[in-house]
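Worksheet: the structure to be examined is printed underneath.
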Protein chains: 2
Amino acid sequence: MLNNKHDHSVCVETALESAQKICEERETRFTPLRRRVLELVWSKHEPITAYEVLDMLSEGKKRVAPPTVYRALDFLVEEGFVHRIESLNSFVGCSDPAHKHQGHFMICTKCSNVTEMNEQSLHNVIENAAKENGYSYENSILEIAGVCENCRA
Amino acid sequence: MLNNKHDHSVCVETALESAQKICEERETRFTPLRRRVLELVWSKHEPITAYEVLDMLSEGKKRVAPPTVYRALDFLVEEGFVHRIESLNSFVGCSDPAHKHQGHFMICTKCSNVTEMNEQSLHNVIENAAKENGYSYENSILEIAGVCENCRA
DNA sequence: TGATGGCTTGATATTTTATAACATACAGGG
DNA sequence: CCCTGTATGTTATAAAATATCAAGCCATCA
């Protein structure tokens, strides 16, 4: 996705609109702060850290404190609008917010872009692996590092 | 593994001995510090944090500084004697240190024990997923959260 | 022997990431 | 309007990790 030229502002707009709609359905509160944080996360092509969000959020205005950002991010992750990339201590917008799910990612070690994989088959394999090891399945993180098509060209 | 009663000191001894041997083969230096840190990591049944290692390492003696621990852990991870669990900012001893590999884990959300999965099939699926998404494969982390057999009983 | 160079560890300081705890604001139902 | 619960603000601190420079160790080779 991110390796094509595209009008990223459209991505951002779309993400904000669907989040809005989903929150209405779920009767959760898509407050201005949460909206703004989601916008900032989406506005960056790459995974963004909480403190980067904090800096951007603070531009112009009085500096906000870390809990403000972390709480908003927690909400967005909880709702499935944003995923956390553990190996980078960072966050990315979810490409399919309508269905709550765990994210599985490819991370390019050259350009830092990430690709979310939404393949059901992969998910099945993982759930199966859990079962085979005698575990009930709750959730999983899968982060694969490699070099994307673009960067290898 | 960890859900059976067993003489854990044997695990620790075995781990130390194979690390020793592997380092001789690779001509890398298994120094007293590195040995001690590996011992501490293995001595805990559950994932251990760098600062827990630091505290244990400091007992009695003058307190060591964080870089001392992180450098030793870096070495051990590099050599494949220890894996890092990203979702817990913690480390565990590798169950198969002879073959350098990425660890894939089950993590019990009740008892915190982890099980390392060494299934080749799982690894293949992951490498394939990378390929299908146009990425070259470098490495991956897979951490599945669930409840282990023991804890569900 | 003892000078050299490379790796390892020590030591100090700081950065980065995240949360605890308590106060204030604000929206919606009674 | 008041009460209640959720959200945000504020201050402080905890937890995790790294940058930087100094000192020690040890193999080797002139």
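To find a chain, count down the sequence lines: A is the first, B the second, and so on, and within it residues start at 1.
- Per the geometry, CD belonging to A/Glu86 stands 13 Å off P belonging to C/dT17, to the nearest Å.
- With rounding to whole Å, A/Arg63 atom CZ is found 18 Å from D/dT8 atom P.
- Atom CG in A/Leu73 sits roughly 12 Å away from atom P in D/dT8 (whole-Å rounding).
- What separates CG of A/Leu88 from P of D/dA16 is a distance of 18 Å, to the nearest Å.
- Judged by closest nucleotide on DNA chain C, A/Ala50 is the one of A/Ala50 and A/Arg71 placed further toward the 5' end.
- Among the atoms of the strands shown, none is found under 4.0 Å from any heavy atom of B/Arg35.
- Ring-plane geometry between A/Trp42 and A/His8 is classed as tilted, the angle between the planes lying from 30 to 60 degrees on a 0 to 90 degree scale.
- The side chain of A/Thr31 sits closest to D/dA7 out of C/dA18, D/dA7, D/dA16.
- Atom CZ of A/Arg29 is separated from atom C1' of C/dG29 by 14 Å (rounded to the nearest Å).
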CA sep, side-chain torsions, deciding dist, call: A/His104, A/His83, ring pair (Phe, Tyr, Trp, His ring centres under 6.0 Å): CA-CA 9 Å; A/His104 295 150; A/His83 293 296; 8.9 Å; no

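- Considering only side-chain N and O atoms, A/Tyr70 lies nowhere under 4.0 angstrom from the phosphate OP1 or OP2 of C/dT19.
- Ranking C/dT8, C/dT12, D/dA7 by closeness to the A/Arg34 side chain, first place goes to D/dA7.
- At the phosphate of C/dT9, neither OP1 nor OP2 sits under 4.0 Å from any side-chain N or O atom of B/Thr68.
- Using a cutoff of 4.0 Å between basic side-chain nitrogens and carboxylate oxygens, A/Arg36 and A/Glu39 are scored as salt-bridged.
- Distance CZ (A/Arg26) to P (D/dT6): 18 Å, rounded to an integer number of Å.
- Dashed line: the shortest gap from a side-chain N or O of B/Tyr51 to OP1 or OP2 of D/dA16 is not under 4.0 Å.
- Nearest to the side-chain atoms of B/Pro66 among the listed nucleotides C/dA11, D/dT10, D/dA17 stands D/dA17.
- The side chain to side chain donor-acceptor pair (under 3.5 Å) with B/His123 is formed by just one residue from the set B/Glu119, B/Glu127, B/Gln120; it is B/Glu127.
- When the side-chain nitrogen and oxygen atoms of B/Arg36 are compared with OP1 and OP2 of C/dT9, none of them lie within a distance under 4.0 Å.
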